[in-house]
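Below is one structure; the comments refer to it alone.
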Amino acid sequence: MNTESARTLEELDGEHWEEPDDRATGLIRNAHRLRTVPIGSLSVDDLRLLLGQQIGVQWLVPVALEHLREDRFAGGLYQGDLLNAVLRAGSKYWDEHPAETMSLWLVREALEGVRDEAETLLTRDDWPAFG
């Protein structure tokens, strides 16, 4: 674990958020709690939640991309939801982070390869008749 992945979002951005009040939703409570967890310990679902709320994007996209290199369909609620959250980082993020943009394109190329393999299998003539 590198030194940055051992740090929390609170430590990285230098902001301490006040505890949410009694009316706060579960989503808000969870997002606040996750800001105090070392980013290297966040689960795929934790990353999805935080990125979906645009929290800690500059630190969490690289961590999410590591997960996507291992499993391009990584997800918590459904397959691929981590990639969907990463894609919402916005054009400004991608313009300012060319290395991460290249990593994202490698994930895309891997997905295109899966699509091509599936298309080849699905168009074979030796599928048995159904129905």
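Just the heavy atoms: all of them, side chains too, but no hydrogens, waters or symmetry mates, feed the values below.
In this structure, Arg35 and Asp13 have side chains that are in contact, with non-hydrogen atoms separated by less than 4.5 Å. Contact check for Asn30 versus Thr25: no side-chain heavy atoms found under the 4.5 Å cut-off.
The pair Glu96-Lys92 meets the salt-bridge criterion, since a charged nitrogen lies less than 4.0 angstrom from a carboxylate oxygen.
Within a 6.0 Å radius of CG in Asp125, other residues, nucleotides and ligands contribute 12 heavy atoms or fewer. For Glu15, the CD atom sits in a packed shell: over 12 heavy atoms of surrounding residues, nucleotides or ligands are nearer than 6.0 Å.
Side-chain atoms of Arg69 and Ser103 include a donor-acceptor pair closer than 3.5 Å.
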Thr120 and Glu117: CA distance, side-chain angles, deciding distance, side-chain contact (heavy atoms from CB on, under 4.5 Å) verdict: CA-CA 5 Å; Thr120 298; Glu117 290 172 26; 5.8 Å; no
Leu42 and Val63: CA distance, side-chain angles, deciding distance, side-chain contact (heavy atoms from CB on, under 4.5 Å) verdict: CA-CA 9 Å; Leu42 294 170; Val63 176; 5.9 Å; no
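Minimum heavy-atom separation, Gly52 to Ala85: N-CB, 4.3 Å. Smallest separation of non-hydrogen atoms from Trp17 and Glu10: N-OE2, 3.9 Å.
In this structure, the side chain to side chain contact (heavy atoms under 4.5 Å, CB included) partners of Pro20, at least two apart in sequence or on a different chain, are Ala24, Ile28, Arg29, His32.
Evaluated for a side chain to side chain contact (heavy atoms under 4.5 Å, CB included) with Leu9, the options Val37, Thr36, Leu60 yield exactly one hit, Leu60.
In this pair, Tyr93 and His97 present their aromatic rings parallel. The plane angle is below 30°, not in the 30 to 60° band.
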